[in-house]
Amino acid sequence: DIQLTQSPSFLSASVGDRVTITCRTSQGIGSYLAWYQQKPGKAPKLLIYTASTLQSGVPSTFSGSGSGTEFTLTISSLQPEDFATYYCQQLHSYPITFGQGTRLEIK
Amino acid sequence: EVQLVESGGGVIQPGGSLRLSCAASGFTVSSNYMSWVRQPPGKGLEWVSVIYSDGTTHYADSVKGRFTISRDNSKNTLYLQMNSLTAEDAAVYYCARGERGSGSNYWGQGTLVTVSS
């Protein structure tokens, strides 16, 4: 199985900050990586797919990059509604796997 | 408008069985890549199973041989039959629609499965 490791697991930041979350995979997955945002009690929301494609309706403050085994999700200017937990997911091979999550909290 | 509504969760004893349903509207289940993803209380997301439009299925190792994904085209509904349930299966179960290789962009609200004697 492909293991995904997100860093950091916890991030404290302020409105307006630029933040970056990293997802490293145990094997190369090309660009078959997605990023999700999840708020408490809600279903995950797709933000980015194929590593860098912004899902329709997602603000352009979100961006993704990377390929192979290292990927990043960047939020260029944090908004109050961005404080949530973020997950990466690999879709290269089965079983599909998720990272452990990064909890982003307000400083 | 695309909607997914899960049902069928509840409290079940260890070793028991449960069938989850995911009623879809606004699109055709049989023409899409449909998944189940679960989330134990307070923990992260775990992919469970997928069914392609051609009927191909895949399962997580943790549920293989115990869970079965299926669909009823006449009801436009996705199912997850869960047998031999253990405490480790307790979670909120989400159904989702997506594209192969691109993630899931439509999710239901989830249904809670509690495994307890």
Side-chain angles (χ1 to χ4, degrees), chain A residues 1-10 21 23 25 28-58 62 64 67 71 73 84-104, chain B residues 1-7 9 20 22-24 32-52 54 56-67 69 78 91-112:
Chain A
D1 298 4
I2 298 175
Q3 310 301 318
L4 277 65
T5 303
Q6 291 182 230
S7 59
S9 294
F10 177 83
I21 299 169
C23 179
T25 62
I29 61 168
S31 297
Y32 289 104
L33 189 102
W35 289 98
Y36 296 87
Q37 176 193 69
Q38 188 181 33
K39 297 182 179 179
K42 299 295 186 182
K45 173 186 176 182
L46 180 65
L47 300 174
I48 302 280
Y49 60 95
T50 54
S52 61
T53 305
L54 192 67
Q55 172 65 20
S56 176
V58 174
F62 290 89
S67 66
F71 302 84
L73 172 70
T85 300
Y86 292 84
Y87 295 93
C88 56
Q89 178 195 39
Q90 69 82 17
L91 299 118
H92 177 269
S93 56
Y94 292 102
I96 290 171
T97 43
F98 286 92
Q100 83 279 13
T102 295
R103 185 175 173 188
L104 175 55
Chain B
E1 181 192 4
V2 171
Q3 274 198 317
L4 295 165
V5 179
E6 299 98 335
S7 60
L20 305 182
C22 172
N32 279 269
Y33 176 99
M34 300 294 299
S35 301
W36 288 97
V37 173
R38 68 184 181 183
Q39 185 169 38
K43 297 189 176 181
L45 300 170
E46 181 187 13
W47 175 81
V48 174
S49 183
V50 67
I51 185 167
Y52 297 171
D54 68 0
T56 300
T57 59
H58 294 280
Y59 297 92
D61 291 343
S62 59
V63 306
K64 200 173 295 183
R66 299 189 300 123
F67 289 14
I69 190 170
L78 179 73
V92 174
Y93 284 74
Y94 296 100
C95 67
R97 168 196 160 186
E99 300 285 339
R100 186 178 178 182
S102 298
S104 296
N105 57 344
Y106 291 100
W107 295 67
Q109 84 288 351
T111 187
L112 178 63

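Throughout, protein chains are lettered first and strands after them, A, B, ... in sequence-line order, and every chain is numbered starting at 1.
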Which heavy atom of B:Tyr94 sits nearest a heavy atom of A:Gln38, and at what distance? OH-NE2, 3.6 Å
Within a strict 4.5 Å, meaning less than it, do heavy atoms of the B:Asp61 and A:Asp1 side chains meet? yes
Heavy-atom count check: over 12 atoms from other residues, nucleotides or ligands less than 6.0 Å from A:Tyr32 OH? no
Quick one: closest heavy-atom pair of B:Tyr33 and A:Tyr94, and the distance? OH-OH, 3.2 Å
Please rank B:Gly110, B:Gly44, B:Ser35 by heavy-atom pairs under 4.5 Å with chain A and give me the top one. B:Gly44
If you look at every heavy atom in B:Leu45 and A:Tyr87, which pair is closest and at what distance? CD1-CD1, 3.6 Å
Check residues 98-109 of chain B and write down every donor-acceptor pair under 3.5 Å in which the side-chain atom is one partner and the other belongs to a residue at least two apart or another chain.
{"unit_1": "B:Arg100", "atom_1": "NE", "unit_2": "B:Tyr52", "atom_2": "OH", "d": "3.3"}
{"unit_1": "B:Trp107", "atom_1": "NE1", "unit_2": "B:Ser104", "atom_2": "O", "d": "2.9"}
{"unit_1": "B:Gln109", "atom_1": "NE2", "unit_2": "B:Glu6", "atom_2": "O", "d": "3.2"}

Please look at B:Val48 and chain A and tell me whether the side chain, the backbone, both or neither of the residue comes under 4.5 angstrom of a heavy atom of that chain. neither
Does any heavy atom of chain B fall under 4.5 Å from the side chain of A:Lys45, the backbone, both, or neither of them? neither
How about residues 47-58 of chain A versus chain B: which residues have heavy atoms under 4.5 Å apart? A:Tyr49, A:Thr50, A:Gln55
Which bit of B:Val92 comes within less than 4.5 Å of chain A, counting heavy atoms only: side chain, backbone, both or neither? neither
In this structure, are over 12 heavy atoms from other groups packed under 6.0 Å from A:Lys42 atom NZ? no
Which answer fits B:Gln39, side chain, backbone, both or neither, if we ask what part of it has an atom under 4.5 Å from a heavy atom of chain A? side chain
Can you say whether B:Lys64 sits under 4.5 Å from chain A via the side chain, the backbone, both, or neither, judging by heavy atoms? neither
Heavy-atom distance under 4.5 Å to chain B: side chain of A:Pro44, backbone, both or neither? both
